[in-house]
Amino acid sequence: MFGIAIHGGAGSLPRAQMDAERERRYRQGLEDALAAGYAVLESGGTSVAAVTRAVTVLEDDPQFNAGRGAVFTFDGRNELDAAIMDGTSLAAGAVCGVTHVRNPIELARAVMEHSEYVMLSGSGAEEFALSRGFTLVPRSYFRTEERWRQLERIRGGEAGLSPLTISHVGTVGAVARDARGGLAAATSTGGMTGKRYHRIGDSPIIGAGTYADDRSCAVSATGHGEIFIRAAVAHDIGARMRHGGRGLARAVREVVHGELAALGGEGGVIAIDGRGEIVMEFRAEGMFRASRRQGESAYVDIYGADRPAP
Ligand code: ASP
């Protein structure tokens, strides 16, 4: 049973800003990425290839906070983070603070497959990208007017706004199980709007925002990164399965509604286990999410079951 799940971020998605046309475009973006990842699995590709493909499509979609359309730092730059993990070998690769790499998830995969390291940062990561034949893009490639306006609202000190309340939403991720049972997870983000001091969130940190282990599950997270790091969310879910005998759904629920809730963390996770079971759970108004398992039809949703979309 192969399968894939993807997310496009979680958080407060104000209904007022979500008209029918906008919602249709988000759903289309999720469907396209899901179909791309599913096609890799269907043609016998690995889970690593499938999550890379799905995340690349989401990075290229300017609606999401990853690759083109990423949020801005306080200084008006786009600093991108990404990570990938292969649950069979426990190999992992991550990049953080890159500013010229069109698809950071592909660079993270290159770090995993072609370097002796797990995590590269900033200009060093870009030097490595050049050595691997990546073409770098100008900073302007990532800019969208909507993200710029969000930054201006934060910089203008609009009452009640903080990087936590304004759209960091849109981080992307994918988890998959391939036909031979291999699990993989991938996550990519621009981080939080208005971030300073080369802040790095949970997404590229193995065990926090991204983790995969064939003995338990693959997890990609989204939400308030500082709290996800402190709770080691992705690793904790797997550890509860491996050492605590939990099933996937229970492990995810305990971490999202127990550990995260205790720290006041908003966000969610997508996860898949060795049997192809998929769980998508969040503590937020909504989470852009989609999944498809072998022989089943695609599921795409934004809001919670108790909050039906308009
Ligand atoms: N987790 C990401 C970060 O903190 C942001 C998000 O998922 O919305 O960088």
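All ligand and atom numbering here is 1-based and tracks the order in the structure.
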Side chain, backbone, both or neither: the part of R199 lying under 4.0 Å from ligand 1 by heavy atom: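 Just the side chain.
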Cation-aromatic face contact R177/F2, 6.0 Å, 45 degrees: no
Selection from G8, G173, G223 by shortest heavy-atom distance to atom 2 (C) of ligand 1: G223
Option set I227, D202, V71, criterion heavy-atom distance to atom 3 (C) of ligand 1, minimum: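 The option holding the nearest heavy atom is D202.
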For [X], is the nearest heavy atom under 4.0 Å from an atom of ligand 1?
X: E226; value: no
X: S203; value: yes
X: G209; value: no

Side-chain donor-acceptor pair present, D213, Y211, cut-off under 3.5 Å: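 On atom types as modelled, these side chains do not qualify, holding no pair under 3.5 Å.
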Residue pair R147 / Q150, side-chain donor-acceptor N/O under 3.5 Å: yes
Those residues that, when tested against R68, pass salt bridge (Lys or Arg N to Asp or Glu O under 4.0 Å) (two or more places apart):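 Counting only residues at least two positions away or on another chain, R68 forms no salt bridge (Lys or Arg N to Asp or Glu O under 4.0 Å).
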Aromatic centroids of Y197 and F74 separated by under 6.0 Å: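 So the answer is no for these two rings.
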Ring-ring centroid check F142 F72, cutoff 6.0 Å: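 No - the distance between ring centres of F142 and F72 does not fall below the 6.0 Å cut-off.
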Atoms in ligand 1 flagged as close to [X], the criterion being non-hydrogen separation under 4.0 Å:
X: T222; result: 6 (C), 7 (O), 8 (O)
X: G225; result: 4 (O)
X: G191; result: 9 (O)

Any N/O pair N65/ligand 1 closer than 3.5 Å: no
With H7, the side chain to side chain contact (heavy atoms under 4.5 Å, CB included) member among L58, L30, T222: T222
